[in-house]
Amino acid sequence: MVRIILAIVVIVLSGYSLITQTLELMPYYMFFLGAIILVTGLAELQKDRKGFWGYMNIAISLFVFFASIQYFLMN
């Protein structure tokens, strides 16, 4: 349920950015995209599939969070 809500938020923000031809909302949908990837990674780990992809999703989400925070701080 959380993944669906986050996905809708990302689609709406990126669609608005695509229609208006601005990149002002990019750090916001990057942040929500990182949240989707984090939730997916945590769901993989809770399913007792403690394999490579659960940890990889968490690592990727941390990178996306770091990139979006850096973009916030630069502007």
Could you give the distance from CZ (F31) to CD1 (I36), rounded to the nearest 0.5 Å?
-> 11.5 Å

Is F65 reachable from Y55 through a run of I, L, V, M, F, W or Y residues, each pair having side-chain heavy atoms under 4.5 Å apart?
-> yes

Check: S14 main-chain N/O paired with S17 side-chain donor or acceptor under 3.5 Å = no

Give the cluster check for I8 versus V2: same hydrophobic cluster or not, with ILVMFWY residues linked at side-chain heavy-atom distances below 4.5 Å.
-> no

Output for pair (Y71 OH, M26 CE), nearest 0.5 Å, gives 4.5 Å

Enclosure of L73 CG (heavy-atom neighbours >12, cutoff 6.0 Å) = yes

Should V64 and M56 be regarded as members of a common hydrophobic cluster, given that ILVMFWY residues are connected when their side-chain heavy atoms come within less than 4.5 Å of each other, either directly or indirectly?
-> yes

For Y28, the side-chain contact (heavy atoms from CB on, under 4.5 Å) test, sequence neighbours excluded, returns L13, L25, F72

Is there a path from Y16 to F32 through hydrophobic residues (I, L, V, M, F, W, Y) whose side chains come within less than 4.5 Å of each other?
-> yes

Would you name the heavy atoms of G34 and S61 that are closest together and state the gap between them?
-> O-CB, 3.3 Å

At what distance, to the nearest 0.5 angstrom, does CD1 of I11 lie from CG of L18?
-> 12.5 Å

When every non-hydrogen atom of N57 is compared with those of I37, the smallest separation belongs to O-CG2, 3.1 Å

So how far is it from W53 CH2 to L45 CG, rounded to the nearest 0.5 Å?
-> 13.5 Å

Separation between CZ (R3) and CG (L38), nearest 0.5 Å, reads 11.5 Å

Between Y29 and V12, is any pair of side-chain heavy atoms under 4.5 Å apart?
-> no

First locate atom CE of M30, then atom CD of Q70, and finally report the distance between them rounded to the nearest 0.5 Å.
-> 10.5 Å

